[in-house]
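Heavy atoms only: backbone and side chains are in, while hydrogens, waters and symmetry mates are out. Lettering follows sequence order; numbering is per chain, from 1.
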Protein chains: 2
Amino acid sequence: MNFEQILKEKELKITPQRLVVFEAIYTLKTHPTAEEIIVFIKERHPNISVATVYKVLDVFVEKGIVRKVKTENEVMRYDAFMEHHHHLFCADSNRIEDYQNEELDTLLRDFFDSKKIKGFKIKDFQLHITGTFKNK
Amino acid sequence: MNFEQILKEKELKITPQRLVVFEAIYTLKTHPTAEEIIVFIKERHPNISVATVYKVLDVFVEKGIVRKVKTENEVMRYDAFMEHHHHLFCADSNRIEDYQNEELDTLLRDFFDSKKIKGFKIKDFQLHITGTFKNK
DNA sequence: CTATATGCAAATCATTTGCAACCAG
DNA sequence: CTGGTTGCAAATGATTTGCATATAG
């Protein structure tokens with residue numbers, strides 16, 4: 001894949017910094033943190049600014065070149081509901097709702113019982129459903 | 001549910017602060033942030049310390065009384081892999097791997113086609129699979 | 001009593017911002 | 001040229017920490 005091509009398609013200027021951030025993300029295949037990307041970059045381009053890396057990453061996410069992975073945190077949120085359940089995330093706001101469905105759980109459990117994931121032992125799974133709420 | 005009972009079971013001392021945090025989380029049904037919990041609490045107990053709320057929440061999570069909801073952020077992570085896919089989260093480390101499976105996607109798509117979620121329009125879904133990696 | 005828990009203020013740490021200088025198109 | 005980009009240093013904001021004091025059991 002050609003970085004310059006992608007930038008051009010997204011109507012972004014081709015700058016050395018952007019190419020370098022691209023290179024870092026594509027070389028680090030481990031869902032790197034911004035921190036890790038910065039370390040990687042600093043090794044070969046000590047002059048690039050931390051703020052610039054963040055800015056470039058923001059633009060990339062905005063343009064759909066790169067995706068943020070949902071992980072444990074954020075502004076941390078707590079859920080008192082301890083039963084196995086899934087979540088509905090509103091695409092337009094911070095609203096989150098619980099979603100529980102026995103049938104879905106059975107479906108998934110059966111699926112993973114028959115189709116194991118090589119080298120991975122499943123403890124639990126949770127579906128993150130993104131969309132929009134109609135009411136309210 | 002009896003808060004004092006739960007604390008006792010978990011071998012935690014029953015303190016007014018813990019009861020108040022409990023009350024906040026159970027009253028706020030919106031997956032509150034620590035911030036929101038603190039605001040709620042401050043209104044009725046202006047004397048409780050912010051640091052204490054964080055400490056209490058940490059203990060609750062540790063003891064399995066409350067759960068952190070996985071959301072967009074954390075120390076933010078970026079993924080260059082833009083195709084629809086799921087994630088394997090290592091329970092013991094920060095390792096995350098992509099997981100892609102056509103069959104699973106079809107299964108889920110079919111499920112949600114027949115079983116709509118009331119008041120919610122699904123745009124996308126992503127399965128967060130937690131477990132342990134055998135190798136490495 | 002004694003280990004735990006709390007409160008305070010200072011410290012951390014990722015991320016953001018403001019703004020002047022820079023450079024891609 | 002000229003607006004989009006960069007770099008710097010300072011600002012922000014959530015969360016944590018150290019430590020002296022308070023308190024549950």
For the pair made of [atom1] in [X] and [atom2] in [N], what is the distance, rounded to whole Å?
X       : N      : atom1 : atom2 : value
A:Leu57 : C:dA14 : CG    : P     : 14 Å
B:Asp58 : C:dA5  : CG    : C1'   : 14 Å
A:Glu35 : C:dT15 : CD    : P     : 7 Å
B:Phe22 : C:dA5  : CZ    : P     : 14 Å
A:Ile48 : D:dG7  : CD1   : P     : 6 Å
B:Tyr54 : C:dA9  : OH    : C1'   : 16 Å
B:Glu36 : D:dT15 : CD    : P     : 11 Å

>> Could you work out how much the helix from C:dC1-D:dG25 to C:dG25-D:dC1 bends, comparing the axis of its first five pairs with that of its last five, to 10°?
In response: 40°
> Can you find an N or O donor on one side and an acceptor on the other, under 3.5 Å apart, linking the side chain of B:Lys55 with the base of C:dG7?
Replying inline: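 Pair found.
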>> Just to verify, what does B:Asp110 make a side-chain hydrogen bond (donor to acceptor under 3.5 Å, both in side chains) with, not counting sequence neighbours?
In response: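 For B:Asp110, no residue satisfies side-chain hydrogen bond (donor to acceptor under 3.5 Å, both in side chains) once neighbours in sequence are set aside.
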> Taking it one step at a time, do A:Val56 and A:Val20 satisfy side chain to side chain contact (heavy atoms under 4.5 Å, CB included)?
Replying inline: CA-CA 10 Å; A:Val56 169; A:Val20 161; over 6 Å; no
>> Which nucleotide wins on minimum distance to the side chain of B:Thr52, given the candidates D:dT6, C:dT17, C:dT6?
In response: C:dT6
> Out of D:dT6, D:dC8, C:dA5, which nucleotide sits closest to the side chain of B:Arg18?
Replying inline: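 Closest nucleotide among those given: C:dA5.
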>> Does anything in residues 9-20 of chain A form a salt bridge (charged side-chain N to carboxylate O under 4.0 Å, His left out)? List the pairs, not counting sequence neighbours.
In response: none
> With a cut-off of under 6.0 Å to the ring centre and 45° to the axis, is B:Arg109 in cation-pi contact with B:Phe111?
Replying inline: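 No, B:Arg109 does not sit over the ring of B:Phe111.
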>> Once you measure the plane-to-plane angle for B:Phe125 and B:Phe112, does it fall in the parallel (<30°), tilted (30-60°) or perpendicular (>60°) bin?
In response: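 Ring orientation, 0 to 90° scale: tilted.
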> Would you call the rings of B:His86 and B:Tyr99 parallel, tilted or perpendicular if under 30° counts as parallel and over 60° as perpendicular?
Replying inline: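 The arrangement is tilted - the two ring planes meet at 30° to 60°.
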> Short question: side chain of B:Thr52, backbone of B:Ile48 - any donor-acceptor pair under 3.5 Å?
Replying inline: no
> When you measure from every atom of DNA chain C, which of residues 7-17 of chain A have a heavy atom less than 4.0 Å away?
Replying inline: A:Lys13, A:Ile14
>> Can you list, in residue-number order, the parts of residues 38-46 of chain B that come under 4.0 Å of DNA chain C, counting heavy atoms only?
In response: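 Output list: empty, so none.
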> Can you check whether A:His128 and B:His128 have ring centres sitting under 6.0 Å from each other?
Replying inline: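 That pair passes the under 6.0 Å test.
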> Excluding sequence neighbours, so at least two apart, what forms salt bridge (charged side-chain N to carboxylate O under 4.0 Å, His left out) with A:Glu103?
Replying inline: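 A:Glu103 satisfies salt bridge (charged side-chain N to carboxylate O under 4.0 Å, His left out) with B:Lys115 only.
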>> Using a 6.0 Å cut-off, check whether atom NZ of B:Lys42 has over 12 heavy atoms from anything other than its own residue.
In response: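 Buried by this count: over 12 neighbours within 6.0 Å.
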> Are there more than 12 heavy atoms of other residues, nucleotides or ligands under 6.0 Å from atom NZ of A:Lys8?
Replying inline: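 Check fails, neighbour count at 12 or below.
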